[in-house]
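Report on the structure given below.
All residue numbers in this chain count up from 1 along the given sequence.
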Amino acid sequence: QRRISGSLSGTTADDVQFESGRFLSVDLSKTRWTKLLLRHTQLESCDLANARWTNATLDSVNLNKCRGVGFQFIDSRSSDCIFRQSKLNLAAFHGSKFQRVRFESCDLKEANFEGATLQDVVFQNCDLRLARFPNCKLQNVDFRGSELAGMQIDSSLLRGAVVTAAQLPDVASIFGLVVKAVDETDD
């Protein structure tokens, strides 16, 4: 397994491929990569801030403790991947497809999944406050343990989604419902 370190910040490239490698503390911020292929690769403590990857493919990739504020993963595919303890707030995942992907303890505040397809995706203990899911397709999505307050999603997309009882007030607000105790007044 090859190990990559250092900085690739600001680079522009087409048809980039990395297989069976490990990126350790690599600065990938502001990269502009088209048709990137990452397969059986680990990204550990990397900086993805404001990177723009279009038509990329991530296959069996683990991102751990990465910083990706404003990361753009556009019209791309991700399968059998794990995003763990990564800061991906304000990220854009427009038109991307996620299959068998796990987001664990990630900050996805205000992330935008517009037009994305999510199949067999888990958001475990993530911050999804104010995240947007317009025109998405969801199948077998698990939101257990995640913060959902203010999440913007068409309520019909939540059919079959998995949440905990503690998340029901946030889910109810998506449906326009207000949850109150029997003895609570309208002060």
According to a 4.5 Å side-chain heavy-atom criterion applied to Ile, Leu, Val, Met, Phe, Trp and Tyr, with indirect links allowed, do [X] and [Y] form part of one hydrophobic cluster?
X: Phe175; Y: Val162; value: no
X: Leu148; Y: Leu177; value: yes
X: Phe23; Y: Leu37; value: no
X: Leu38; Y: Val16; value: yes
X: Val163; Y: Met151; value: yes

- Item | Partner set under ring-ring contact (aromatic ring centres under 6.0 Å, His included) for Phe93, not counting sequence neighbours |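 Once residues adjacent in sequence are excluded, the partners of Phe93 under the ring-ring contact (aromatic ring centres under 6.0 Å, His included) criterion are Phe98, Phe113.
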Looking at [Y], is its backbone amide N or carbonyl O close enough to the side chain of [X] to form a donor-acceptor pair, meaning the two atoms are under 3.5 Å apart?
X: Ser146; Y: Cys126; result: yes
X: Ser86; Y: Leu88; result: no
X: Ser96; Y: Arg77; result: no
X: Ser76; Y: Phe73; result: no

Could you state the interatomic distance from [atom1] ([X]) to [atom2] ([Y]), rounded to the nearest 0.5 Å?
X: Glu114; Y: His94; atom1: CD; atom2: NE2; answer: 5.5 Å
X: Glu19; Y: His40; atom1: CD; atom2: NE2; answer: 7.0 Å
X: Gln85; Y: Cys66; atom1: CD; atom2: SG; answer: 11.0 Å
X: Arg100; Y: Asn140; atom1: CZ; atom2: CG; answer: 11.5 Å
X: Thr41; Y: Leu63; atom1: OG1; atom2: CG; answer: 9.5 Å
X: Gln152; Y: Asn112; atom1: CD; atom2: CG; answer: 8.5 Å

- Task: May I ask you to decide whether Arg67 forms a salt bridge with Asp47, counting only side-chain N to carboxylate O separations under 4.0 Å?
- Result: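 Yes.
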Are [X] and [Y] side-chain neighbours, meaning at least one heavy-atom pair lies under 4.5 Å?
X: Leu90; Y: Lys109; result: no
X: Val171; Y: Leu158; result: yes
X: Val122; Y: Arg102; result: yes

- Task: Output, in order, the C-alpha distance, side-chain angles, deciding distance and verdict of side chain to side chain contact (heavy atoms under 4.5 Å, CB included) for Leu8 and Asp27.
- Result: CA-CA 6 Å; Leu8 296 170; Asp27 185 354; over 6 Å; no
Which atoms form the tightest heavy-atom contact between [X] and [Y], and what is the distance?
X: Ser78; Y: Cys81; value: OG-SG, 3.3 Å
X: Ile4; Y: Val26; value: O-CG2, 3.1 Å
X: Asn50; Y: Arg32; value: O-NH1, 2.7 Å
X: Leu157; Y: Cys136; value: CD2-O, 3.2 Å
X: Asp80; Y: Val101; value: N-CG2, 4.3 Å
X: Ile153; Y: Ile174; value: O-CG2, 3.5 Å

Could you tell me whether the side chains of [X] and [Y] share a donor-acceptor contact shorter than 3.5 Å?
X: Ser156; Y: Asp154; value: yes
X: Ser29; Y: Ser9; value: yes
X: Gln124; Y: Arg144; value: no
X: Asn55; Y: Asp75; value: no
X: Thr34; Y: Trp53; value: no
X: Glu44; Y: Asn64; value: yes

- salt bridge (Lys or Arg N to Asp or Glu O under 4.0 Å) between Asp14 and Lys35: does it pass, once the steps are laid out? CA-CA 6 Å; Asp14 292 326; Lys35 297 181 184 171; over 6 Å; no
- Query: Do Leu28 and Leu43 pass the side chain to side chain contact (heavy atoms under 4.5 Å, CB included) test, and can you show the C-alpha distance, the side-chain angles, and the key distance before you say yes or no?
  - Reply: CA-CA 10 Å; Leu28 299 169; Leu43 282 76; 3.9 Å; yes
- Task: For Arg129, enumerate each residue passing the side-chain hydrogen bond (donor to acceptor under 3.5 Å, both in side chains) test, keeping only those at least two apart in sequence or located in another chain.
- Result: Asp127, Glu147
- Before giving the answer on side chain to side chain contact (heavy atoms under 4.5 Å, CB included), spell out for Gln167 and Phe143 the whole-Å C-alpha distance, their side-chain angles and the decisive distance to 0.1 Å. CA-CA 9 Å; Gln167 293 171 295; Phe143 292 104; 4.2 Å; yes
- Task: Start with the C-alpha distance between Leu108 and Phe83, add both sets of side-chain angles, then the distance that settles side chain to side chain contact (heavy atoms under 4.5 Å, CB included), and finish with yes or no.
- Result: CA-CA 11 Å; Leu108 288 156; Phe83 295 78; over 6 Å; no
- Query: Angle class for the Phe123/Phe103 ring planes (parallel below 30°, perpendicular above 60°, tilted otherwise)?
  - Reply: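 Parallel.
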